[in-house]
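Worksheet: one structure, shown below.
One-based numbering, in listed order, for ligands and for the atoms of each. All values derive from a computational prediction rather than experimental measurement.
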Amino acid sequence: MNATIINGVTGFPLGHTLSPQLHGKIYEMLGLNAVMKAFPAQDIQEVLQVMRAQPLELLAVTLPHKQEVMKYLDDVDEEAKIIGAVNTVVNRGGKLYGYNTDIAGISEALSPFQLKGENCLILGAGGVARPVAHYLKKCGANIFCFNRTREKADELMKEFGGITVSNIESQPENYKLLVNATPVGMYPNISVSPFPEKLLNASKIVFDLIYNPHETKLLSDAKKRGALSISGLTMFLEQACEQVRIWSGKVLEEQQKAKLKTYLENLISSQSSP
Ligand code: NAP
């Protein structure tokens, strides 16, 4: 019998990452003899050394290493280079290759909508705002960004092409899509929303990248106001499926993904309950 393959997830602090459980479930569904272990580390180079030595076949990379890791890889996928972040490293015969699968997650969430020429507002200008801005640029959307630290929004908009706004409440009717790319509303601070409820209405699509809880206050406000709401869970699930596809070549069927979504929702609810 073949030995169990070890994959990893790294970041710092890693906290209660759901990736080992999510990946474990995907491997089980696809019949892959593998597990994902957590490798919390402040220094990404240490984990890459472990990856080469053990070896690990797949490494999922989270905050704060998504940009730094790119320097130490043998090659980086072209789209990941444009985004400027890698969340997936695959070890092929001792050579380390970097990819960005957040973009697949964002595409899964937003591809049903026609965004060409539409005004889209990103709230936040951190790591995950980068693939969002890249996706919207590819769609031909008009990108707007608001961030607590204005300079970071300016930098992001300069890089991807868009306009920094200094007030999310001015001309809210302009926006077709609102994206929350901040942790505002994330567990345990679930009673707050990054957007005032009055900005939400039936002509809007609201995409909250947060997946814990899977229905944030923002999404529940959006539903109440008739807006179309999309949870970060869709993205979280798809980016993991894409990691597995890049590593193993195997893909889940839609029915399996639906089961996985229910599994994740239950997992999140159980971890968030007191
Ligand atoms: P990050 O790089 O740390 O950036 C966080 C952003 O949120 C920054 O723009 C920051 O503003 C802003 N922010 C933080 N606290 C805030 C507050 N209290 N009020 C207003 N703005 C605040 O984090 P990230 O990687 O971009 O992640 C952001 C969120 O996306 C997280 O909640 C994460 O859970 C979620 N996410 C989801 C997925 C998924 O698969 N669904 C993937 C990645 C991330 P400053 O620039 O002023 O600090």
Side-chain angles (χ1 to χ4, degrees), residues 9-19 21-23 26 60-69 80 83-88 99-110 121-135 144-157 159-160 162 164-169 178-196 206-219 229-244 257 260-261 264-265 267-268 271-272:
V9 54
T10 190
F12 196 84
L14 209 43
H16 294 296
T17 172
L18 296 176
S19 292
Q21 282 149 297
L22 174 56
H23 272 254
I26 299 174
V61 181
T62 66
L63 222 70
H65 301 315
K66 286 184 181 182
Q67 286 172 283
E68 166 90 1
V69 69
I83 294 167
V86 155
N87 74 329
T88 307
Y99 302 87
N100 188 304
T101 68
D102 285 334
I103 192 70
I106 292 160
S107 175
E108 174 73 14
L110 295 181
L121 176 67
I122 306 170
L123 183 61
V128 81
R130 300 183 66 83
V132 174
H134 170 67
Y135 178 82
F144 296 83
C145 181
F146 174 84
N147 192 47
R148 185 173 65 171
T149 311
R150 188 189 165 105
E151 297 73 43
K152 285 203 211 157
D154 286 341
E155 276 169 36
L156 188 75
M157 292 299 94
E159 196 171 337
F160 291 94
T164 304
V165 296
S166 44
N167 181 357
I168 48 173
E169 299 204 33
L178 303 174
V179 181
N180 176 31
T182 78
V184 178
M186 192 163 81
Y187 179 82
N189 301 313
I190 59 171
S191 61
V192 293
S193 165
F195 288 103
V206 179
F207 181 23
D208 197 340
L209 299 193
I210 291 172
Y211 53 86
N212 185 5
H214 50 85
E215 183 168 287
T216 56
K217 174 156 185 347
L218 170 61
L219 293 186
S229 66
I230 311 163
S231 164
L233 199 71
T234 306
M235 173 182 169
F236 184 58
L237 185 62
E238 190 60 30
Q239 61 79 30
C241 292
E242 181 65 3
Q243 290 180 321
V244 177
K257 281 190 191 170
L260 206 53
K261 194 166 182 206
L264 256 186
E265 282 172 0
L267 189 65
I268 290 167
Q271 290 201 343
S272 308

- [ ] Before giving the answer on side chain to side chain contact (heavy atoms under 4.5 Å, CB included), spell out for Leu178 and Phe207 the whole-Å C-alpha distance, their side-chain angles and the decisive distance to 0.1 Å.
- [x] CA-CA 6 Å; Leu178 303 174; Phe207 181 23; over 6 Å; no

TODO: Please step through side chain to side chain contact (heavy atoms under 4.5 Å, CB included) for the pair Thr62 and Asn87, ending with a clear verdict.
DONE: CA-CA 6 Å; Thr62 66; Asn87 74 329; over 6 Å; no

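In plain terms, the two heavy atoms of Asn100 and Ala80 that are nearest each other are N-CB, 3.7 Å.
A salt bridge does not link Asp102 with Arg130: every distance from a Lys NZ or Arg NE/NH1/NH2 to an Asp or Glu carboxylate oxygen is 4.0 Å or more.
The aromatic rings of Phe160 and His134 sit perpendicular to each other, their planes meeting at more than 60°, with 30° as the lower class boundary.
Within 4.0 Å of ligand 1, counting heavy atoms only, the contacting residues are Leu63, Gly124, Ala125, Gly126, Gly127, Val128, Asn147, Arg148, Thr149, Lys152, Ala181, Thr182, Pro183, Val184, Met186, Leu209, Ile210, Tyr211, Gly232, Met235, Phe236.
Side chains of Thr234 and Glu108: a donor-acceptor N/O pair is absent below 3.5 angstrom, by distance only.
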